[in-house]
Amino acid sequence: MKRYRIAAIPGDGIGKEVIAAGIEVLAALARRDGGFDLAFDHFDWGSDYYKATGLMMPQDGRDQIKNHDAIFFGAVGAPDVPDHISLWGLRLAICQPFDQYANVRPTRILPGIVSPLRHVAGPELDWVIVRENSEGEYAGVGGRVHRGLPEEVATDVSIMTRAGVERIFRFAFALARSRLRKLLTIVTKSNAQRHAMVMWDEIGAEVAREFPDVAWDKMLVDAMTMRMTMKPATLDTIVATNLHADILSDLAASLAGSLGIAATANLNPERKFPSMFEPIHGSAFDIAGKGIANPVGAFWTATMMLEHIGERRAADRLMRAIERVTADPALHTPDLGGAATTRAVTDAVVAAILGDNV
Ligand code: IPM
Ligand code: MG
């Protein structure tokens with residue numbers, strides 16, 4: 001029996017609800033499979049922890065989770081803690097030192113879910129966005145001086161390194177190669193940003209030569225929003241900088257029906273550090289505690305975590321169970337226009353897993 005240790009960090013708001021639901025579903029999968037076991041260690045880090053201690057996680061927090069096989073993360077952000085504190089104190093404080101430089105965001109229209117795009121029913125929209133997750137606009141470089149004075153100055157400097165850009169392109173080309181269409185779109189803004197984005201383009205073209213079997217093209221980020229909405233079927237794998245992909249992935253999730261179903265993996269592909277898996281929806285304080293958060297984003301995220309640790313069969317089974325459940329509109333939560341609860345959706349996914357037919 002293979003045994004994996006997972007660090008669960010539910011964080012804030014609905015993160016707590018969807019991670020609890022995800023753990024139930026993962027336990028059902030392990031029971032059904034019989035070949036592996038998941039041991040969860042729970043960490044109560046986040047904004048409540050911050051209000052009690054002044055820190056989002058303990059000083060030795062990373063040491064406590066560095067030997068786990070994966071991190072299952074909920075959401076971070078609370079109305080009464082500044083966002084840049086909660087983000088840099090927890091999520092980025094894990095992603096950056098653990099060098100989780102490849103952020104992977106798959107998007108598909110799941111059965112039973114209606115895209116806001118007219119004429120788009122399903123197979124036309126099947127993308128995976130690769131987000132550079134360690135530098136670029138989120139490098140954290142900048143400063144602010146002369147606060148409040150007329151001469152106040154503030155900068156956020158985007159940093160691109162050859163090593164960082166090469167490795168994300170290699171990752172994206174390899175991922176594109178593993179998919180049916182072997183098609184990669186590189187997103188850029190090198191018409192306006194004439195240094196780093198031009199280097200980005202050049203390195204993209206260089207790395208492309210290592211992948212002659214992958215077709216690729218290049219899109220300016222503004223035009224990309226149009227292509228995603230008007231010609232979704234022309235896209236497959238997409239690679240973009242940290243901020244561009246942040247924005248495009250919200251668009252992608254909405255075009256696929258709801259932010260509530262979208263999943264993310266923050267990968268350290270070399271496996272020197274654990275990778276972190278999280279739904280992309282955030283803490284959603286407006287619905288927290290009501291029991292109506294959509295757990296599908298956390299479930300889809302769990303499939304990515306299972307795949308990463310090597311439990312492909314369980315990952316595929318969970319994806320089939322998710323699709324079985326989304327196909328039934330009576331099991332749609334309010335973000336999808338339904339009235340189902342987190343509990344009902346979780347029970348249905350568990351039942352599908354333990355039933356004979358997925
Ligand atoms: C995401 C989120 C975060 C980001 C927020 C919470 C800072 O929007 O994961 O896409 O911008 O990285
Ligand atoms: Mg985002």
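Starting from 1, each residue takes its place in the sequence as its number. Ligands are counted one by one from 1 in listed order, and the atoms in each one are counted from 1 as well. Keep in mind it's a predicted model, so treat the numbers as computed, not measured.
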Practice task
Examine distances only and state if a side-chain atom of Ser134 and a backbone atom of Asp99 form a donor-acceptor pair shorter than 3.5 Å.
Solution key: no

Practice task
Give a yes or no on whether the backbone of Met160 and the side-chain of Trp200 come within a donor-acceptor separation of less than 3.5 Å.
Solution key: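 Side chain of Trp200 to backbone of Met160: no pair is present.
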
Please determine if [X] and [Y] form a salt bridge, counting it only when a charged side-chain N lies under 4.0 Å from a carboxylate O.
X: Arg343; Y: Glu24; value: yes
X: Arg313; Y: Asp316; value: no
X: Arg108; Y: Glu323; value: yes
X: Asp48; Y: Lys16; value: yes

Handout entry: Test item, His84 contacting ligand 1 (heavy atom, 4.0 angstrom)
Key =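 Outside the 4.0 Å threshold, so no.
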
Handout entry: Under-4.0 Å heavy-atom contact with ligand 1, by part of Arg131 that carries it
Key =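 The part of Arg131 near ligand 1 is the side chain, not the backbone.
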
Completion exercise
With heavy atoms and a 4.0 Å threshold, my read on which part of Arg105 contacts ligand 1 is side chain

Handout entry: Nearest neighbour in protein (non-hydrogen) for atom 3 (C) of ligand 1
Key =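 Going by distance alone, atom 3 (C) of ligand 1 is nearest to Arg91 NH1, 4.1 Å.
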
Problem - Protein heavy-atom partner closest to atom 5 (C) of ligand 1 - residue, atom, separation in Å - result: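 It is Leu87 CD1, 4.2 Å.
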
Exercise for the section: Report the residues that fulfil salt bridge (Lys or Arg N to Asp or Glu O under 4.0 Å) with Asp335, sequence neighbours left out, ordered by chain and then residue number. Expected result: none

Handout entry: The single option from Arg179, Arg177, Lys182 passing salt bridge (Lys or Arg N to Asp or Glu O under 4.0 Å) against Asp236
Key =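 Of all the options given, the one that passes is Arg179.
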
Completion exercise
Near Tyr138 (heavy-atom distance under 4.0 Å), the atoms of ligand 1 are 4 (C), 11 (O), 12 (O)

Exercise for the section: Within a distance under 4.0 Å of any heavy atom of Asp246, pick out the atoms of ligand 1 and give their elements. Expected result: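 Numbered from 1, ligand 1 contributes 1 (C), 2 (C), 4 (C), 8 (O), 10 (O), 11 (O).
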
Practice task
Could you name all protein N, O or S atoms found under 2.8 Å from the Mg ion (ligand 2)?
Solution key: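 Near the Mg ion (ligand 2), the protein supplies Asp246 OD1.
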
Problem - Candidate pair Leu26 and Leu306, rule side chain to side chain contact (heavy atoms under 4.5 Å, CB included), full reasoning - result: CA-CA 9 Å; Leu26 284 162; Leu306 288 165; 3.8 Å; yes

